[in-house]
**Q** 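Could you have a look at this structure, given as structure tokens, before my questions?
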Amino acid sequence: MKQKIISAIAVCIILSLHFISNAQIKTPQDFFGFEPGSDRNLFTYEQLVDYLKLIDKASPRMEMREIGYSPIGKPMYIAFLSSEQNISRLDELKKYNQILALDPEIKPKDKEDLLREGKVFILGTLSMHSTEVGPSQAAAIIAYDLATTNDPLKTEWLQDVVYMMVPCHNPDGMDLVVNHYLKYKGTKYEGSSLPGIYHKYVGHDNNRDFITLTQSDTRAISAIYNKDWYPQVMIEKHQMGSTGTRYFVPPPHDPIAENVDAGIWNWVSIFGTNMITDMTREGLAGISQRFLFDDYWPGSTETCIWKNVIGMLTEGASVRVATPVFIEPNELNVGGKGLSEYKKSINMPLPWEGGWWKLSDLVQYEITSTMSLLKTSSMHREDILKFRNDLCVKEVNKGLTQAPYYYILPSGQHDPGEMINIVNLLLEHGIRVYKLGNETNINNTLYREGSIVIPLSQPFRPFIKEVMEKQEYPVRHYTPDGEIIKPYDIASWSLPLHFGVKSDEINSHSADLENKLEEIKTPLDLSGELPESFTSVVLPVQYNESFMTAFRALATGLNVDRLTEDTSINGKSMLKGSFVISASGKTRSDLEKILGDYPLTPAFLNSPGELKYEKVTMPRIALVETYFHDMDAGWTRFVLDQYYIKYNVIRPGEFEKTSFAENYDVLIFPDVQKSILMEGKYGSGEDDYYVSDYPPEFTKGIGKEGMKKLMDFVDKGGLIISWGLSVKLFEGTLTISGEKEQDKEEFQLPFRDISDDLRKKGLYCPGSLVRMKVLKDNPITLGMQDEIGIFFRGRPVFATSVPNFDMDRRAIGVIPEKEILISGYCEKEELAGNKTVLLWIKKGKGQFVLFGFGPQFRASTHVSYKLLFNSILLNHE
Ligand SMILES: [Zn+2]
């Protein structure tokens with residue numbers, strides 16, 4: 001009894017402290033000077049973080065923790081919101097999460113305790129797409145509400161759940177968008193598109209990076225569910241267009257991922273159905289389900305569903321950033337999966353009727369959907385925790401009882417650096433990876449010591465299988481024998497195929513193998529000790545890491561050469577094109593530093609005198625990037641930066657005042673429409689242009705004068721590397737103006753892009769891996785295997801012709817006639833058979849390398865990187 005009295009007094013003290021602190025917390029309106037979500041008002045990332053830190057300090061219901069940095073270096077956070085008691089024992093609750101997620105053998109009594117004591121952790125990642133401002137603007141209101149509420153229902157939810165709010169998934173982009181909006185606010189360009197991408201490198205594709213984890217913000221978020229907090233529920237918050245449904249809630253539409261357990265989809269439906277019910281009851285109209293958004297591809301933040309998290313997304317209808325829009329009732333429309341008419345339907349039972357749509361509406365929808373998420377998690381607390389551990393048990397058992405049982409990456413890879421990349425990436429994903437301590441024989445194949453083994457019997461089995469196997473698109477039809485449901489995004493992501501690593505799927509158990517496994521606990525590195533004395537190192541041309549090291553050596557000022565013939569060095573065979581890096585005296589320490597990051601063992605030499613080689617110089621590179629949310633250019637910048645390749649970014653509008661011939665050796669044109677490059681407009685031809693909504697200073701194209709500069713560059717020996725749609729720039733009649741009128745020369749390069757014809761005949765390839773035969777003994781293909789998988793989207797495809805005058809061409813890469821598709825989905829693939837997709841052209845002293853595929857697609861196609869790097873190093877004048 002006495003104890004009860006004491007605790008009652010304690011509660012009173014806590015409550016009174018609590019009320020004092022509530023009084024200290026400024027409302028969002030007082031802090032920002034406006035109500036978040038009010039028309040034409042936005043706060044920046046720093047202002048949001050400052051406000052949340054204020055709540056963190058004053059409220060025992062919230063705790064902020066740093067989780068990493070954005071690509072340009074802004075700190076990122078999780079704001080934990082829950083009851084005071086839960087917040088005070090976050091780390092203990094975190095341990096419960098880890099056990100439930102990873103331990104398939106919890107004793108029944110312990111499991112009972114965990115289910116009784118554990119809380120549902122909900123990870124919410126807000127506004128990764130920075131023009132979709134609603135969720136991050138609503139974050140301030142939600143945090144304030146949860147930290148101060150006395151509402152008995154909400155207080156009860158907070159006993160059961162911990163809401164882990166990442167207030168902004170993309171801090172860099174948020175500031176870019178908010179500052180752009182405020183700059184043009186009150187002008188006629190208010191609400192215009194942000195020029196460039198809302199991220200250091202990848203823009204909207206930040207939601208495609210969750211397999212390859214190339215960006216620091218992706219890694220920070222992914223680590224939350226891979227190896228830190230193991231939340232049971234996750235939601236990513238987005239916006240869509242203005243004239244469709246007002247809000248999308250789960251479940252998604254077909255197709256759904258084959259490897260993800262049925263239970264995940266069922267839970268996703270429960271959350272979504274409660275959301276639409278709660279939102280409709282609150283008077284919010286226009287909510288849709290099973291519409292447009294499918295869930296078969298990994299790469300988005302929702303990739304956590306392959307790791308047993310109940311993961312989902314919502315999408316709100318956009319305003320013009322923060323400016324209201326008026327929607328005429330007859331402008332409302334839907335189309336595509338799940339809803340074909342904007343009418344009352346089972347997937348949209350209460351259509352919105354049109355009229356003004358404001359940021360405050362969007363914020364209200366955000367708040368209500370978030371509260372519903374908390375409510376559902378609270379209602380089903382114990383079931384959700386139980387489901388998480390049951391699924392762990394189930395997946396581990398599947399790995400023991402269903403093939404495949406292991407993936408093996410045999411030692412002796414063509415590019416062992418990429419094998420290391422896969423191992424280290426899987427470790428970051430929270431996957432257990434092993435190496436063979438001794439050789440073993442499985443089904444008459446000998447696997448040597450050092451081969452990598454990834455057993456499937458792991459909690460994250462769905463993820464392992466998804467990224468290690470080749471992809472087969474889950475074909476579903478709208479009606480029997482009717483149209484197929486087309487892929488929303490790409491159809492291939494297999495790590496071994498995309499990285500160029502041999503991987504074997506093992507469909508039988510091997511006790512011998514399991515006895516020889518040694519777990520890899522720290523990032524794999526296969527380099528050895530540096531010898532006492534050496535003057536040069538030789539790095540094999542087959543390894544991407546060798547290119548990275550050579551580029552870095554060049555950037556550091558070291559001497560770099562390439563072998564001009566195949567050579568044997570200390571018993572190791574080194575192929576033509578391998579890099580020789582030399583250093584002595586004070587540059588020696590530079591070389592040692594660089595080699596410290598090389599994860600393989602080079603050949604060391606004391607005198608390179610005997611070798612036949614030629615000097616490598618780094619060309620002066622310009623990369624063309626438009627202001628039109630040019631993600632492919634952004635990814636290219638990322639790859640060039642990662643590989644220490646220096647470049648300048650040139651905008652199309654700058655062409656006419658740039659002396660390319662004097663200042664550059666290589667021009668890179670990533671995948672972007674010709675009309676955007678030439679005219680700064682979208683469209684396919686002069687009658688078909690439409691004007692963008694960028695402020696006009698960002699829409700200047702190359703134009704006639706710029707094109708003259710470009711052709712002068714070619715005439716004087718420049719090298720152009722181009723892929724995707726930008727290749728169209730070089731098709732048809734081109735003109736070199738020359739110094740005088742009589743020097744003017746019209747010509748056509750000896751190729752046509754025939755992809756439009758092929759598409760009309762039925763070729764459809766939404767982003768899959770297809771086979772390409774690689775031309776041997778050519779400077780562009782040094783270090784390449786005879787055949788690789790290229791990331792192909794059906795365009796461009798080249799038909800070459802016998803050239804005139806001072807032109808020449810070589811088909812460097814050709815799709816074979818049969819067995820074209822390796823991974824993904826393709827219709828009428830045979831139409832691409834025996835067609836050229838990598839082409840070298842010479843015009844006088846100038847050169848072109850034209851790709852029918854992105855050699856660096858989303859920094860995920862390491863298998864074709866060398867084609868780009870060798871092209872950059874082609875001899876230049
Ligand atoms: Zn989005």
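Everything numeric in this text was worked out from a predicted model, so none of it was measured. Counting starts at 1 for both ligands and their atoms, in listed order.
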**Q** Please work out which of the three classes, parallel, tilted or perpendicular, describes the rings of Tyr247 and Tyr365, given edges at 30° and 60°.
**A**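 Plane angle between 30° and 60°, so tilted.
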**Q** Decide, yes or no, whether a salt bridge links Lys237 with Glu315 under the criterion of side-chain N to carboxylate O below 4.0 Å.
**A**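 Glu315 and Lys237: not salt-bridged.
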**Q** What N/O/S atom of His238 is the closest to the Zn ion (ligand 1)?
**A**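 Considering only N, O and S atoms, His238 comes nearest to the Zn ion (ligand 1) through ND1.
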**Q** Would the Phe698 and Phe628 ring centres measure less than 6.0 Å apart?
**A**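 Not under 6.0 Å, so no.
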**Q** Under 2.8 Å from the Zn ion (ligand 1), is there any N, O or S atom belonging to Glu132?
**A**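 It does; at least one qualifying atom falls short of 2.8 Å.
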**Q** Using distance alone, with no hydrogens and no angle criterion, decide if Asn308 and Gln232 have a side-chain donor and acceptor under 3.5 Å apart.
**A**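 No, no side-chain donor-acceptor contact under 3.5 Å.
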**Q** Measuring from the Zn ion (ligand 1), name the closest N, O or S atom belonging to His129.
**A**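 His129's closest N, O or S atom to the Zn ion (ligand 1) is named ND1.
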